[in-house]
Structures are given as C-alpha cells and as structure tokens.
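Every heavy atom of this structure was used, including side-chain atoms; hydrogens, water molecules and symmetry mates were not. Proteins get letters first, then strands, A, B, ... in listed order; numbering begins at 1 in each. Treat the numbers as computed from the prediction; the structure is a model and nothing was measured.
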Amino acid sequence: TQLLEQSPQFLSIQEGENLTVYCNSSSVFSSLQWYRQEPGEGPVLLVTVVTGGEVKKLKRLTFQFGDARKDSSLHITAAQPGDTGLYLCAGRLGWGTSYGKLTFGQGTILTVHP
Amino acid sequence: DVKVTQSSRYLVKRTGEKVFLECVQDMDHENMFWYRQDPGLGLRLIYFSYDVKMKEKGDIPEGYSVSREKKERFSLILESASTNQTSMYLCATKPWTDTQYFGPGTRLTVL
C-alpha cells in the first residue's frame, strides 16, 4: 500500500487545457514537495509547501497543501508541450530529526500534445 | 549549482554479479540517499546516510548495502545481483533545507 496516493497516473491532454494532479494520504506530513522529472534526468524540485492551507504559484502552476496536511494538489493552467514530464509528490513525515527522509507518490506522467 | 554525478548512466550485469553504483556530490551535503524508481511505484528509499560511515536502512534495503567512507561519495552495493533488481537507481543529496538534489540516475539491467 502506497503511503502517498497520487492520481491520475497518466494524463494526456492538448495544449491549452487545464489539469490537476492529486496527492492524498491518511498520514500527516510536516511538509510536502512537488518534483518534475524529464526523461534521462533526476527529479528537480518545483515547490515545497509547509503550512496547512498554503497555496503557492509558480507561473502557470498552482500548488495547494490541504488544511489537514494530508493532501496536496498541483494545477496547471493552459498546459504547454514543455510541461510534459513525470510529476512526483513527496512528503516528509514528522517534525523531528528524520534526516529529511521523503515518501514519494507513484508519479503522474503528463503528456501535452501540440 | 549543486552537482550530483553517478558513475554510469546504463549498466548491464549478470545474475549473481557484485555491482557497485557510485554517487559523488560537490556541495558538502551531510545527507545522501539511494532510491530505486520503478513504473507505477514512484521512488522507494533503499538506504541513506547522514554522515561519513553512518547509514540507515530505508524502506527496501534487502539485497543492498552501502558505503560512505568520504563525505562526498556514497556507494550502493548489490552483493549478488538478481533480475528483480533491474531498475533505475537514483542518488540524492540534501543540505539543511528539505530540498533533495538528484543525480541523473543509473539504469541497471540484470540478465
């Protein structure tokens, strides 16, 4: 059983459409991160959210952390082919010394067609 | 810029071979991690290290060991490779913030 359930696993859309990726858990996270990974590369951090209810925007990407700190969403407005990639959510359990261990969701493969 | 390098991008080994995957970082980060990435499963933590010669098991340590003799280098060892260890292996480092910096990955195939 995955601690962080990410959905959908695959998303294929046309350029200009909007989309939302969800990341859900029954556990409470001290922080949650979103990473993007392109083929042949390692994941790269997009954003970290730390406060329940927090909303962060990165150009056309909007990230939200749930009030209860158990879920998060990534919304992309007017998707472009350059958004194509694997999106991963990752949560940090606990507030103490955990050496920054992260628990990752399964990932969402996004394909944006021109 | 943080640079994390992994010794090989692609590796093909035979069942039973001993396999070494190396990761080197140039940013003096204390924490280093080894993950494997499989379709539909995301990244799963194998081992991590929070200091030289210190290591802790992650979620799936069976069949793996690690070595950290120097701060900048973290090695993953497959004592006797098996076909179910065919996967993408990712190394990451972490400074005092929560951000993890990943290497490009090693795609290992065990025949």
Side-chain angles (χ1 to χ4, degrees), chain A residues 1-10 21-25 27 29-51 54 56 63 65 69 72 85-109, chain B residues 1-10 21 23-25 29-52 54-61 66 68 74 87-107:
Chain A
T1 306
Q2 199 86 7
L3 190 61
L4 260 177
E5 291 288 338
Q6 195 171 334
S7 62
Q9 285 200 35
F10 301 94
V21 178
Y22 299 93
C23 192
N24 295 294
S25 177
S27 299
F29 294 98
S30 56
S31 67
L32 199 133
Q33 300 180 333
W34 286 90
Y35 289 80
R36 179 166 169 258
Q37 184 179 15
E38 298 194 34
E41 302 295 332
V44 175
L45 180 71
L46 294 173
V47 78
T48 301
V49 284
V50 295
T51 306
E54 183 176 3
K56 278 192 175 178
F63 304 87
F65 200 13
R69 314 171 76 101
S72 181
L86 173 66
Y87 290 81
L88 293 155
C89 63
R92 178 177 175 171
L93 288 166
W95 280 260
T97 302
S98 62
Y99 306 109
K101 285 193 299 180
L102 296 175
T103 297
F104 282 82
Q106 305 100 313
T108 296
I109 298 175
Chain B
D1 274 355
V2 175
K3 191 163 181 66
V4 181
T5 56
Q6 294 185 227
S7 49
S8 306
R9 296 298 292 264
Y10 299 93
L21 302 182
C23 176
V24 179
Q25 51 116 346
H29 291 170
E30 301 289 343
N31 302 302
M32 297 186 74
F33 305 82
W34 274 107
Y35 296 91
R36 63 177 285 176
Q37 182 175 28
D38 300 287
L41 295 178
L43 275 68
R44 292 180 292 167
L45 182 64
I46 304 171
Y47 265 98
F48 69 99
S49 169
Y50 52 91
D51 203 348
V52 175
M54 306 304 287
K55 61 186 179 186
E56 284 209 15
K57 293 179 180 179
D59 300 318
I60 52 164
V66 291
R68 194 165 180 201
F74 190 34
S87 186
M88 171 69 86
Y89 290 88
L90 289 163
C91 172
T93 73
K94 191 190 90 66
W96 64 272
T97 65
D98 274 349
T99 305
Q100 292 196 12
Y101 297 89
F102 287 85
T106 296
R107 186 164 292 283

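- The two residues A/P43 and B/L43 make their nearest non-hydrogen contact at CG-CD2, 4.3 Å.
- For A/L86, the part lying under 4.5 angstrom from a heavy atom of chain B is the side chain only.
- B/Q37 and A/Q37 share a side-chain donor-acceptor pair at under 3.5 Å.
- Contacts of A/R36 classified as side chain to side chain donor-acceptor pair (under 3.5 Å), with partners at least two apart in sequence or in another chain: A/E38, A/Y87.
- Using a 4.5 Å cut-off between heavy atoms, A/Y35 touches chain B through its side chain atoms alone.
- From B/Y35, atom OH reaches atom CG of A/L102 across 5.0 Å, with rounding to the nearest 0.5 Å.
- Here the CD atom belonging to A/E41 is positioned 10.5 Å from the CG atom belonging to B/L90, to the nearest 0.5 angstrom.
- Of the two parts of B/R107, neither the backbone nor the side chain holds a non-hydrogen atom closer than 4.5 Å to a non-hydrogen atom of chain A.
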Report task. Determine, stepwise, if the pair B/F33 / A/K101 fulfils side-chain contact (heavy atoms from CB on, under 4.5 Å). Result -> CA-CA 9 Å; B/F33 305 82; A/K101 285 193 299 180; 4.3 Å; yes
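- Judged as a side chain to side chain donor-acceptor pair (under 3.5 Å), and not counting sequence neighbours, the contacts of A/W34 are A/S72.
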